[in-house]
Amino acid sequence: MKLTFLAAALAALLSTAATAETIKIGVTGGPHAEIMEAVKAEAAKSGLDLKIVEFSDYIQPNAALAQGDLDANSYQHQPFLDQQIADRGYKIVSVAKTVVFPMGIYSKKVKSLADLPNGAQIGIPNDPTNGGRALLLLQNAGVFKLDPSKGLKSTPLDIVANPKKVKIVEIEAPQLPRTLDDLSASAINTNYAITAGLTPSRDAIILDGADSAYVNVLAVQIKDKDKPWVQKLIAAYHSGAVKAFIDQKYQKAAIPAW
């Protein structure tokens, strides 16, 4: 009887493994990759085998998804995806909100942005949407004023009042933590800040809030958006176990957005 039960259990396990659907999902290293490992454990319960592929920049995950090398990705906020679609014509769509990673302004030179010297150099991401987010954050902190008509699409050329004549230096987002020894301050996405050993709640001069327009998303090809595996992936990400992992691991440096 015991052997029969064990044989049946083994057969069921092998059957589940054999029927598991493999999904390749792209992430950037750090928090996105760590969260996806938690999602992977939940997804396995519904027959999804997530193969996590890590990237070191913001451009390749969408290119890989558009080319069919990935089934999904989870690393970008909605404004960045919108800009990528507009610029490159990708047939990609977001299917769920994931987390907000507050962008922060960091410095080894000053304790407050009010202490910035005249002509201070400030690093921001060199992609349009993250660059615009950084500029809006600096404007909200009173560093300068932007053309109000530009909104999320603001660029350094849209600075209309700059009392301290700060200079904006555009740098690839993953490299910004390395600029803190040289620049007066830099705007750094939380995933790269954490990877560099920074603690946003402790080390950032300012952070944008949980109500940020820059909510991260799960993205898939348009042709796949209604497939059953997409709903299973969303359910796994939006599970209580993943939310608890995010809350405990990141202590408000990453905020669940569902």
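All values derive from a computational prediction rather than experimental measurement. Side chains are part of it too, since the values below use all heavy atoms of this structure and drop only hydrogens, waters and symmetry mates.
Counting heavy atoms from C-beta on, the side chains of K167 and I122 never come closer than 4.5 Å. By the 4.5 Å heavy-atom criterion applied to side chains, Y237 and S74 are counted as neighbours. Counting heavy atoms from C-beta on, the side chains of Y214 and V100 never come closer than 4.5 Å. Within the 4.5 Å cutoff, the side chain of L50 has no heavy atoms near those of the E37 side chain. Contact of the Q78 side chain with the K97 side chain is not registered, since no non-hydrogen atoms from C-beta on lie closer than 4.5 Å. Residues D71 and I25 fail the side-chain proximity criterion, which asks for heavy atoms closer than 4.5 Å. Counting heavy atoms from C-beta on, the side chains of H77 and T129 come closer than 4.5 Å. I205 places none of its side-chain heavy atoms less than 4.5 Å from the side chain of Y106.
Once rounded to the nearest 0.5 Å, the distance linking OG of S46 with CD of E21 reads 9.5 Å. The line from NZ of K108 to OG1 of T179 is 9.5 Å long, rounded to the nearest 0.5 Å. With values rounded to the nearest 0.5 angstrom, N191 atom CG is found 9.5 Å from M103 atom CE. Atom-to-atom distance recorded for D158:CG and S149:OG is 7.0 Å, nearest 0.5 angstrom. For the atom pair CG (D208) and CG (N140), the distance works out to 9.0 Å, reported to the nearest 0.5 Å. In this structure, CZ on F144 lies 10.0 Å from CG on L113, to the nearest 0.5 angstrom.
Here the shortest heavy-atom pairing between V217 and T98 reads N-OG1, 3.5 Å. In terms of heavy-atom proximity, A193 sits nearest to I188 at N-CG2, 3.7 Å. Summarising the geometry of Q76 relative to A219, their closest heavy-atom pair is NE2-CB, 4.0 Å, with the distance given to 0.1 Å. Heavy-atom minimum distance, L135 versus P156: CD1-N, 3.5 Å. The two residues I171 and L176 make their nearest non-hydrogen contact at CB-CD2, 3.9 Å. Taking each heavy atom of D203 and G197 in turn, the nearest pair found is OD2-O, 4.5 Å.
When the shell of 6.0 Å around NZ of K243 is examined, it contains 12 or fewer heavy atoms from other residues, nucleotides or ligands. For K24, the NZ atom counts as loosely surrounded, since its 6.0 Å shell holds 12 or fewer non-hydrogen atoms of other residues, nucleotides or ligands. Heavy atoms from other residues, nucleotides or ligands lying under 6.0 Å from NZ of K109 number more than 12. Heavy-atom contacts from other residues, nucleotides or ligands closer than 6.0 Å to NZ of K150 number 12 or fewer. No more than 12 heavy atoms of other residues, nucleotides or ligands sit less than 6.0 Å from atom CD of E172. At most 12 non-hydrogen atoms from other residues, nucleotides or ligands lie less than 6.0 angstrom from NZ of K153.
At a cut-off of 3.5 Å, with distance as the only test, no side-chain donor of Q221 or Y90 sits close to an acceptor on the other residue.
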- Test side chain to side chain donor-acceptor pair (under 3.5 Å) applied to Y250 and E34, step by step: CA-CA 11 Å; Y250 300 109; E34 293 167 354; 2.5 Å; yes
- Would V93 and D224 satisfy side chain to side chain contact (heavy atoms under 4.5 Å, CB included), going step by step from the backbone distance to the final call? CA-CA 9 Å; V93 64; D224 291 334; over 6 Å; no
- Query: Where do Y192 and F101 land on the ring-ring contact (aromatic ring centres under 6.0 Å, His included) test, with the steps shown first?
  - Reply: CA-CA 10 Å; Y192 291 126; F101 289 114; over 10 Å; no
- Message: Quick one, Q84 with D87, criterion side chain to side chain contact (heavy atoms under 4.5 Å, CB included). Give me CA distance, side-chain angles, the key distance, then yes/no.
- Response: CA-CA 5 Å; Q84 287 267 290; D87 291 346; 5.6 Å; no
- Query: For L233 and V230, what are the C-alpha separation, side-chain angles and deciding distance, and is it a side chain to side chain contact (heavy atoms under 4.5 Å, CB included)?
  - Reply: CA-CA 5 Å; L233 177 60; V230 174; 5.6 Å; no
- Message: For N189 and R133: C-alpha separation, side-chain torsions, deciding distance, then whether side chain to side chain contact (heavy atoms under 4.5 Å, CB included) applies.
- Response: CA-CA 10 Å; N189 293 83; R133 181 183 188 180; 4.1 Å; yes
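Side-chain heavy atoms closer than 4.5 Å link hydrophobic residues (I, L, V, M, F, W, Y) into clusters, and following such links, even through other members, never connects L207 to I246. Under a hydrophobic clustering in which Ile, Leu, Val, Met, Phe, Trp and Tyr are joined whenever their side-chain heavy atoms come within less than 4.5 Å, directly or via other members, L183 and I206 fall into different clusters. Linking Ile, Leu, Val, Met, Phe, Trp and Tyr residues whenever their side-chain heavy atoms come within less than 4.5 Å leaves I85 and V220 in two separate clusters. Residues V160 and L137 do not share a hydrophobic cluster, clusters being chains of Ile/Leu/Val/Met/Phe/Trp/Tyr side chains in contact below 4.5 Å. Put simply, I124 and V143 are part of the same group of oily side chains (I, L, V, M, F, W, Y) that touch within less than 4.5 Å, one to the next.
Of the possible polar contacts, one joining the Q251 side chain to the Q248 backbone as a donor-acceptor pair under 3.5 Å is found. Side-chain atoms of T199 do not come within 3.5 Å of backbone N or O of S201 as any donor-acceptor pair. For the pair D57 (side chain) and Q60 (backbone), a donor-acceptor distance under 3.5 Å is present. S94 places no side-chain N or O within donor-acceptor distance of the main-chain N or O of A96, the cut-off being under 3.5 Å. Of the possible polar contacts, one joining the K164 side chain to the L116 backbone as a donor-acceptor pair under 3.5 Å is found. In this structure a side-chain-to-backbone donor-acceptor pair under 3.5 Å is missing from E170 to P125.
If you look at F55 and Y75, their ring centroids are not closer than 6.0 Å.
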